[in-house]
Amino acid sequence: MEYGMSSLSTTNTTSFSDRYGRLLPGLLLSGVIAYGAIALGKLEWMQSHGMSALTLAIMLGIVLGNSVYARLAPTCGAGVAFSKQTLLRLGIILYGFRLTFQDIGQVGLAGIAIDALVLTSTFGLAMLLGTKVFKLERNSAILIGAGSSICGAAAVMATEPVVKGRSEDVTVAVSTVVVFGTIAIFLYPLLYQLNQGWHVLAATPTAFGVYIGSTVHEVAQVVAAGKSVGQEAANAAVIAKMVRVMMLAPFLVILSAVLARGKAKAGGHDKAAKLAIPWFAFIFIGVVAFNSLGWLSAPVVATITDIDTALLAMAMAALGLTTHMSAIRRAGIKPLLLAGLLFCWLIAGGAAINHVVASLFA
């Protein structure tokens with residue numbers, strides 16, 4: 001009996017070691033890249049140009065993925081895959097500690113309506129242009145649309161498990177966010193000056209901040225563009241952006257239901273296709289609700305958000321490591337053209353939505 005128990009214990013220990021030990025090299029590689037990206041992201045030049053740790057992590061990952069990673073893949077592959085999948089979901093869940101339901105109250109019903117209309121119109125346009133005009137694969141159009149309409153790279157990464165997209169599709173979508181979000185940082189301060197004469201929007205920093213938050217891709221890019229206008233605009237921009245980020249969860253649930261329905265129809269029978277419920281989206285909302293209670297001190301929340309940044313940066317690094325530039329080249333110019341048209345819509349259509357909704361709620 002003692003021999004049997006000892007044998008069982010040894011087997012369990014070995015199994016545990018085999019299962020998680022093989023993840024360690026890839027986790028360490030993703031972690032080192034993430035650490036470098038976070039360190040670079042703290043530089044003043046990077047912050048002023050909206051280069052977040054997530055953006056830098058995927059860029060560093062792509063560089064290594066197309067140079068030395070091929071030799072490391074047999075050893076690091078399992079851990080890199082774990083970073084790209086499991087750590088991503090955990091990172092999205094912990095992202096909820098950046099938000100509270102009180103944020104919604106600060107922008108009011110008008111801000112919620114603006115964000116919702118910008119999101120739905122931009123994503124709808126992405127699907128129409130992407131699949132009908134540019135003839136892109138549906139998943140590619142969905143990922144580009146999610147990145148443009150919600151919260152940039154984080155939205156692309158959160159949408160990937162629902163659509164089960166390929167690494168190259170995800171990377172192309174993230175790349176478009178980087179390109180046009182960076183342009184926005186320099187363009188929006190100019191638009192603010194033009195608006196002082198045109199009065200398309202209310203000529204206040206707060207009104208323009210809501211416009212920035214509802215139309216610029218990444219949170220880091222929103223902060224950079226808002227601060228170029230002024231601190232008041234930056235504050236309003238971040239709040240509007242956070243409300244837009246909060247819409248990620250219902251977006252994922254609705255998208256999952258629509259895709260499942262489409263698969264059922266394609267199967268030619270009435271039996272519903274399996275619904276790929278993004279449970280991490282529900283937990284994300286639960287975390288937002290918990291954070292809204294204010295039970296945790298500011299230092300604790302700050303520590304959690306730092307951990308979250310590290311997890312998301314590891315996921316981005318892993319994505320970059322598994323992306324080949326040849327696949328991006330094969331994608332061609334069409335994804336960039338689609339993202340460019342969406343960017344134009346966010347500027348012009350977003351301004352129109354802001355103007356109309358603000359007038360209705362005035």
Side-chain angles (χ1 to χ4, degrees), residues 37-38 40-59 91 95 98-99 103 107 111 114-115 118-119 122-123 126 143-159 170-193 205 208-248 305 308-309 312-313 316 336 339-351 354:
I38 291 170
L40 288 173
K42 292 179 180 179
L43 298 178
E44 185 177 347
W45 188 91
M46 294 293 186
Q47 292 181 351
S48 64
H49 289 79
M51 299 295 286
S52 68
L54 304 190
T55 299
L56 293 167
I58 192 171
M59 292 171 65
Y95 203 90
R98 304 170 192 262
L99 311 170
D103 293 335
V107 298
I114 288 170
D115 280 338
V118 168
L119 191 162
T122 304
F123 186 76
L143 292 170
I144 293 172
S148 297
S149 62
I150 310 174
C151 55
V156 174
M157 295 290 284
T159 305
V170 176
T171 303
V172 167
V174 171
S175 299
T176 63
V177 168
V178 173
V179 170
F180 292 104
T182 302
I183 293 173
I185 295 170
F186 301 100
L187 179 61
Y188 273 68
L190 175 61
L191 293 176
Y192 176 72
Q193 297 302 324
F208 199 83
V210 172
Y211 171 54
I212 292 173
S214 63
T215 56
V216 175
H217 302 68
E218 286 269 6
V219 175
Q221 295 158 355
V222 165
V223 173
K227 285 186 175 179
S228 296
V229 173
Q231 190 58 50
E232 187 178 345
N235 293 342
V238 170
I239 293 171
K241 183 63 178 177
M242 289 297 97
V243 172
R244 192 169 152 208
V245 170
M246 209 177 294
M247 295 178 178
L248 176 63
T305 55
D308 178 52
T309 297
L312 290 175
M316 285 290 182
L336 197 63
L341 288 176
L342 295 179
F343 181 54
C344 292
W345 166 252
L346 285 167
I347 292 171
N354 272 261

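Small disclaimer: the values here were computed from a predicted structure and weren't measured. Reckoned from all heavy atoms, side chains included, excluding hydrogens, waters and symmetry mates.
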In Å, rounded to the nearest 0.5 Å, how long is the span from [atom1] of [X] to [atom2] of [Y]?
X	Y	atom1	atom2	answer
I38	M46	CD1	CE	13.5 Å
L346	L119	CG	CG	10.0 Å
L341	L336	CG	CG	10.0 Å
L56	M316	CG	CE	11.0 Å
I185	F180	CD1	CZ	14.0 Å
N354	I114	CG	CD1	4.0 Å

Could you tell me which non-hydrogen atom of [X] sits nearest to which non-hydrogen atom of [Y], and how far apart they are?
X	Y	value
R98	T305	NH2-O, 3.3 Å
E218	G152	OE2-C, 4.0 Å
S48	A224	O-CB, 4.0 Å
D115	S214	OD1-CB, 3.2 Å
A126	G145	CB-CA, 3.5 Å
L54	A313	CD2-N, 3.5 Å

Partner of F343 under side-chain contact (heavy atoms from CB on, under 4.5 Å), picked from V179, T122, L187, is L187
Which of these, T171, I150, L143, sits in a side-chain contact (heavy atoms from CB on, under 4.5 Å) with V156? L143
Decide if the gap between the ring center of Y192 and the ring center of Y211 is smaller than 6.0 angstrom. no
Within a strict 4.5 Å, meaning less than it, do heavy atoms of the S175 and V178 side chains meet? no
Below 4.5 Å, heavy atoms only, C-beta onward: do K241 and C151 meet side chain to side chain? yes
Neighbour count >12 (heavy atoms, 6.0 Å) for atom CE, M59: no
